[in-house]
There are 2 protein chains.
Amino acid sequence: MLEKNNNILIIGAGLCGSLLALRLAQRDYNITLIEKRPDLRKTEQDAGRSINLALSDRGLRGLRLAGVEEKAKELCIPMLGRMIHDKEGNTFLSKYSGREDEYINSVSRPGLNMLLLDAVEAMPNVTIHFNLGCKTVDLEKGSATFKNYNTNEEVTFSGDVLLGTDGAGSMVRKSMFLHRKFLFSFSQEWLTHGYKEITIPATKDGGYRTDKSALHIWPRGEDMLIALPNLDGSFTVTLFLPYSNSDYCFDNLTTPEMVTEYFTKEYPDAVALMPNLVEEFFENPTGPLGTIKCAPWHSYGKTLILGDAAHAIVPFYGQGMNASFEDVVVFDEILDKHEGKADWNTIFSEYEKARKKDTDAIADLAVDNFHEMKEHTASPLFQAKRKLETAFEAQFPNKYYSKYSLVTFNEHITYYEALQRGRAQDKAILNLIADGKLPDTMALEEKLKLVIKETEDILHDDAVAFG
Amino acid sequence: MLEKNNNILIIGAGLCGSLLALRLAQRDYNITLIEKRPDLRKTEQDAGRSINLALSDRGLRGLRLAGVEEKAKELCIPMLGRMIHDKEGNTFLSKYSGREDEYINSVSRPGLNMLLLDAVEAMPNVTIHFNLGCKTVDLEKGSATFKNYNTNEEVTFSGDVLLGTDGAGSMVRKSMFLHRKFLFSFSQEWLTHGYKEITIPATKDGGYRTDKSALHIWPRGEDMLIALPNLDGSFTVTLFLPYSNSDYCFDNLTTPEMVTEYFTKEYPDAVALMPNLVEEFFENPTGPLGTIKCAPWHSYGKTLILGDAAHAIVPFYGQGMNASFEDVVVFDEILDKHEGKADWNTIFSEYEKARKKDTDAIADLAVDNFHEMKEHTASPLFQAKRKLETAFEAQFPNKYYSKYSLVTFNEHITYYEALQRGRAQDKAILNLIADGKLPDTMALEEKLKLVIKETEDILHDDAVAFG
């Protein structure tokens, strides 16, 4: 039975685990938080991981819940839109929304994680252990054994419940996969593309080499570069490229000459900003892009997985961290509703019931966006749609929200609702444009009426056919 | 390089592996076919496996290709439609198609497997080994080690290529999953329901206790019984039931009283036909219902998986065996096209490119049908749709094919095409009926025109939006 003073073992002190530990400590549980990496406040950063991330409304809501939103905002650099770079080096800004107050933020992953760890550590009812790698999990007992990477000793911890926030490679999830006593649905889906990070360093006087108030993007059909600003004046650039079967791909970019040729041809203005391009290309790892879904997320009323451990997604909607923070919000709401009235099994099961549909939706939206971002460059139809939507949002800010806005700036509707409505809207607009039903001569308000009507028709027809 | 006299190692001599071995032997390859079970021609049947299956046009096409269709038909019992049994024991026949020649067949799994093994064994260029369980696979070398269950010795076989037809629990696929040198996308999705087989025995004089020319079905919302006839006068009944969280489910049907109560209440006319119901309920295993998808299906130009090993599906479209036999047809077509001109890597890769979209489609169709079969009982809208479709097919046999007909009786269109068109048609009809656009006063031909137009509109709109 769940009690206020229950002992909760949390495995993984990344972004999700740290925020969860903080919030549950605030709710008076006794927390043991275990992390396999060294304390990142005392070591150099791990170069293999994205060093900045997009933080938007859903994520901020989670930070607000735990009272750390304002502090986190000090680490944020607002990005008002996508700065599109074409092959000739021309740029144009495509704003995220027609509404002034809707923007996303670039935030340092380690910076935010350190902030959260500091807040966690300030709580009297939390103990944090670093350098303990999880080796086995006993799902039925809510205990786990760890290897101490300093001493090589094995140590076992247990809690009244065990929460796994150990990321996309979760050992807790793996234990569920290998457990034979219940059916575990699981999927890992890899894109044909991988990613690699490169740096645009700050100028000598610590300034930015390009506009810091945008997410920069160099869309090239199959390939793409993006860049997000850091507080120190640098940008972190990410290359998305097919592994194989393409003129330029990770399989054939094997020499400095090939790398230079490729970047010079495709991203000439970016090359000028990346003095260490070739060295970094060969030093930095190539990462895969995968979606992980599974069910159930919990077992025996003893174990539950949250964040990337339960639902790793590709980065093309900038929602990975935001979805994980929203997990904490939803879990907190379930506790509000059931605490003192139900056992942990009920809490876990209600949480999964409330949340699974939404994390599936954002996973699918993120894969959609991978394909859409490539389309954008090629298709005048998609560009016409984007232009129309920006006009709608600027002129009718309370009547129209694009799919992107629904997902990113409307945390009071769920990802699932955003997916349903967003897809229907996209389909409506694309078809109305393609069928010539939105001529230039038509007033914008008339166009909006038509789009809304067509969207409702699509939602209605889908509901009749698919329930 | 692929040569006519290449040695091919096939792991798994079930339905797919046996047909594949037969066809490749006919194409002059040297075949080693290895099976972990004993030779089923010399042992009693394994009670845990479905003892009859639905065989329809796609499967028959595969058997025809290998010259064994006529022999297989001797094992077949035609089923012209679904015989629906309601709770009061009333029955009515819902034909599979409005066209006279469109029906499916009940066929014995072991009977058909034995027929195929006999045909394989008659080929001079095939060696079959039984009782060898695959333990490890070397994907790069095309070799595998096996445990001889008679002697407990380990033995290794290799081929120029290794084909895995070792079913839903495939060791070859598992080797790909655990292999770390390439990204392997994988999903296993379990339904909330399990299944259990029960027998309706023949009458004393070997006759059938109910109509043998139909697939019997007792739909009860969440639960369902089906029954397929066997040549010996018996029927194999399959119960589909939730594992848990239901008034009656596998978790709570734990006593003879509960089982009797449940069946008597829900399936009174069936209970009268199953004298050994309670014993069999507790003796026979409860099986899970899962879908498995993965990619890639091949590695290193040395290994390829086919059949259930590559794409296990739930049984609700009666297409599992048919899809596996169609794999052999498609693989054979790829060989026709490339043999002598390409290496095995190209063959495997072309095969996956040609086939994957279709096996994904039938997997999704089968899950859809699980939900639709439950809907049928509850929804007057779905019943009105089925009635209209049967009328279309009877009166305009060359102009209308239901989704079921497209999947089951039209082997010259792919599963993917059947899914696209079938779903659009269903959506069109359901919406036209729901919106009152097909009144009783309208001539059937007019209704058909409207349905076709609406279907084309839906396909067009989807193409514009989703490409």
Side-chain angles (χ1 to χ4, degrees), chain A residues 177-178 180 182-194 243-245 250-251 286-296 349 353 360 368 371-372 374-375 378-379 381-382 385 422-435 454 457-458 460-467, chain B residues 177-178 180 182-194 243-245 250-251 286-296 349 353 360 368 371-372 374-375 378-379 381-382 385 422-435 454 457-458 460-467:
Chain A
F177 183 87
L178 296 173
R180 313 298 283 184
F182 56 85
L183 295 174
F184 188 66
S185 292
F186 170 78
S187 77
Q188 59 184 34
E189 299 287 335
W190 304 102
L191 297 184
T192 49
H193 290 49
Y243 278 106
S244 53
N245 301 321
F250 283 116
D251 279 359
T286 304
L289 296 161
T291 302
I292 289 172
K293 296 178 183 173
C294 63
S349 145
K353 211 193 308 180
D360 283 352
D368 283 1
H371 298 292
E372 278 179 43
K374 296 190 295 177
E375 285 284 339
S379 158
L381 187 58
F382 272 80
K385 169 178 157 288
R423 282 188 178 169
Q425 267 177 192
D426 285 355
K427 188 173 172 182
I429 297 183
L430 290 167
N431 273 287
L432 287 168
I433 296 175
D435 296 348
E454 188 70 18
D457 285 353
I458 289 169
H460 166 83
D461 288 0
D462 284 349
V464 167
F466 311 121
Chain B
F177 183 87
L178 296 173
R180 313 297 283 185
F182 57 85
L183 295 173
F184 188 66
S185 292
F186 170 77
S187 76
Q188 60 185 32
E189 299 286 336
W190 304 101
L191 297 184
T192 48
H193 289 50
Y243 278 105
S244 53
N245 301 321
F250 284 116
D251 279 359
T286 304
L289 297 161
T291 301
I292 288 172
K293 295 178 183 171
C294 63
S349 147
K353 210 191 309 180
D360 282 353
D368 283 1
H371 299 290
E372 278 179 42
K374 294 190 296 178
E375 285 284 340
S379 157
L381 187 58
F382 271 80
K385 169 178 157 285
R423 281 189 179 168
Q425 265 176 193
D426 285 355
K427 187 173 171 181
I429 297 182
L430 290 167
N431 273 287
L432 288 168
I433 295 175
D435 297 349
E454 188 69 17
D457 285 352
I458 290 169
H460 165 82
D461 288 358
D462 284 347
V464 167
F466 311 122

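Sequence lines set the chain letters: A, B, ... in the order given, protein chains first and strands last, and positions in each chain run from 1.
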Point-to-point distance, once rounded to the nearest 0.5 Å, from CG of D462(B) to CG of N431(A): 8.0 Å
Nearest-0.5 Å distance, CG of residue D461(A) to CG of residue D435(B): 6.5 Å
Close side-chain approach of L183(B) and Q188(A), heavy atoms under 4.5 Å: no
Part of F177(A) lying under 4.5 Å from any heavy atom of chain B: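 Only the side chain of F177(A) comes within 4.5 Å of chain B.
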Under 4.5 Å from a heavy atom of chain B, the part of D368(A) involved: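 Neither the backbone nor the side chain of D368(A) comes within 4.5 Å of chain B.
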Other residues, nucleotides, ligands: >12 heavy atoms within 6.0 Å of N245(B) CG: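 For N245(B), atom CG is not crowded (no more than 12 foreign heavy atoms under 6.0 Å).
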Per-residue contact mode, D426(B) against chain A (heavy atom under 4.5 angstrom): neither
Worked verdict on V464(A) versus L381(B) for side-chain contact (heavy atoms from CB on, under 4.5 Å): CA-CA 9 Å; V464(A) 167; L381(B) 187 58; 4.1 Å; yes
Closest non-hydrogen atom pair, W190(B) against S185(A): N-OG, 2.8 Å
Test log, rule side-chain contact (heavy atoms from CB on, under 4.5 Å), inputs F466(B) and H371(A): CA-CA 10 Å; F466(B) 311 122; H371(A) 298 292; over 6 Å; no
